[in-house]
2 protein chains.
Amino acid sequence: MRWLTVSKREEEYLETMYLLHKNKGVIRVKDIARVMRVKPPSVVDALKKLAEKGLVEYEKYDRILLTDEGRKIAEEVYSKHVLLTKFFIDILGIPPEVAEQDACQFEHYVHEVTVERIKEFAAFIQEQCPYVLKQFLKEKIEEAD
Amino acid sequence: MRWLTVSKREEEYLETMYLLHKNKGVIRVKDIARVMRVKPPSVVDALKKLAEKGLVEYEKYDRILLTDEGRKIAEEVYSKHVLLTKFFIDILGIPPEVAEQDACQFEHYVHEVTVERIKEFAAFIQEQCPYVLKQFLKEKIEEAD
DNA sequence: TCACCGTGTTAGGTTCCCCAAAAATGTTTA
DNA sequence: TAAACATTTTTGGGGAACCTAACACGGTGA
């Protein structure tokens with residue numbers, strides 16, 4: 001029962017915090033700001049709002065943590081991120097940096113149905129015509145040289 | 001030489017106006033508002049800004065037109081829209097309403113490289129393994145019943 | 001211990017995009 | 001043509017997300 005609205009930007013904050021926690025153990029304002037390419041005051045604004053929504057544990061000057069609910073949202077977003085990035089790279093043969101950027105935006109909007117279908121399509125194609133796929137990727141890589 | 005920045009939302013206004021002009025001949029505040037799901041005052045705000053940027057011909061109470069530059073941007077966005085929608089529907093077999101929604105968001109962010117690659121991939125697959133594709137779509141449509 | 005410095009926070013302000021209410025203009029009809 | 005109706009515009013205001021400048025905290029080295 002998720003009655004609260006989480007904006008695209010808030011999802012990005014949650015995802016960033018999730019990854020910082022996963023990779024560095026601690027979540028710090030400075031690091032969130034660096035990753036999100038904003039200044040620290042913007043991070044504090046965001047933290048206050050997310051705390052009010054019960055998605056982040058935050059007391060000023062204290063350590064920052066995602067709540068269960070916050071982590072759940074972050075994981076959902078991140079899993080879409082991973083899926084989309086993989087699809088762009090492995091199926092469409094898009095350069096990693098571009099794939100990353102596109103996934104990063106699309107993940108916040110893409111419909112569940114589309115996510116599922118992309119997953120299925122990738123599996124189907126890789127199983128049914130792996131050679132054709134390889135051929136396509138090969139051509140694209142050669143063009144890039 | 002496009003030095004001015006056009007926000008995502010502005011792109012949407014331009015695209016809406018472009019389609020209204022194409023389909024109804026005239027562009028009216030009321031219709032833009034309906035399509036964009038905003039109230040008329042918001043449309044007027046947007047029109048003023050777009051006029052300042054030279055993307056729209058706008059004098060109050062007068063007829064509304066896109067300038068060449070405005071139409072150019074609208075066409076670029078719209079062509080991405082069409083491509084993405086087609087890809088989602090024809091290749092991934094996503095239901096039209098969902099495809100429409102997703103395309104509508106993604107079109108504003110998707111990288112040129114990705115657009116090109118999607119185009120190429122669709123052509124390649126449709127040529128190299130049309131039967132496999134048909135099989136995939138058939139399964140998905142059957143599941144939906 | 002305390003002064004310093006990095007980090008975090010507050011205060012105040014900007015831009016973008018939206019709205020409701022009311023005023024102005026345009027159009028249609030009696 | 002003038003009243004009634006539809007459409008557009010102005011006015012005034014709000015929320016989201018960002019910023020700079022200044023201030024507060026807290027761990028560290030002298």
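Any value given below was found using the heavy atoms of this structure, including those in side chains, with hydrogens, waters and symmetry copies removed. Chain identifiers are assigned alphabetically (A, B, ...) following the order of the sequence lines, protein sequences preceding nucleic acid strands; residue numbering begins at 1 within each chain. Just so it is clear, the structure is predicted and the values come from calculations on it, not from any experiment.
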Between atom [atom1] in [X] and atom [atom2] in [N], what is the gap in whole Å?
| X | N | atom1 | atom2 | answer |
| --- | --- | --- | --- | --- |
| B:Lys8 | C:dC17 | NZ | P | 10 Å |
| A:Arg9 | C:dC17 | CZ | P | 15 Å |
| B:Asp62 | C:dT27 | CG | P | 10 Å |
| B:Leu4 | C:dT15 | CG | C1' | 17 Å |
| B:Leu50 | C:dC16 | CG | P | 12 Å |
| A:Arg63 | C:dG8 | CZ | C1' | 17 Å |
| A:Leu47 | C:dT7 | CG | P | 16 Å |
| A:Met17 | C:dG8 | CE | P | 12 Å |

same_hphob_cluster(A:Leu20, A:Ile73) at 4.5 Å side-chain heavy-atom cutoff: yes

Distance, nearest 0.5 Å, that separates NE2 of A:His111 from CD1 of B:Ile94: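 Taking NE2 in A:His111 and CD1 in B:Ile94, the distance rounds to 9.5 Å.
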
Between CG on residue B:Leu66 and CG on residue B:Leu55, distance to nearest 0.5 Å: 8.5 Å

Considering only NZ, NE, NH1 and NH2 on the basic side and carboxylate oxygens on the acidic side, decide whether [X] and [Y] come within less than 4.0 Å.
| X | Y | result |
| --- | --- | --- |
| B:Lys48 | B:Glu52 | no |
| A:Lys8 | A:Glu11 | no |
| A:Lys119 | A:Glu116 | yes |
| A:Glu143 | A:Lys140 | yes |

Side chain B:Thr67, main chain B:Gly54, donor-acceptor under 3.5 Å: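 Between the backbone of B:Gly54 and the side chain of B:Thr67 there is a qualifying donor-acceptor contact (under 3.5 Å).
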
Test item: A:Arg117 side-chain N/O and B:Gly93 main-chain N/O as donor-acceptor pair under 3.5 Å: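 Side chain of A:Arg117 to backbone of B:Gly93: a pair is present.
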
C:dG6 phosphate, OP1 or OP2, under 4.0 Å from A:Arg28 side-chain N/O: no

Any A:Lys48 side-chain nitrogen or oxygen under 4.0 Å from OP1 or OP2 of C:dT9: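 No, no such contact exists.
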
Nucleic acid contacts of residues 30-45 of chain B, taken as heavy-atom distances under 4.0 Å to DNA chain C: B:Val38, B:Lys39, B:Pro41, B:Ser42, B:Asp45

DNA chain D: 5'-most and 3'-most nucleotides touching chain B, 4.0 angstrom heavy-atom criterion: D:dT7 to D:dT10

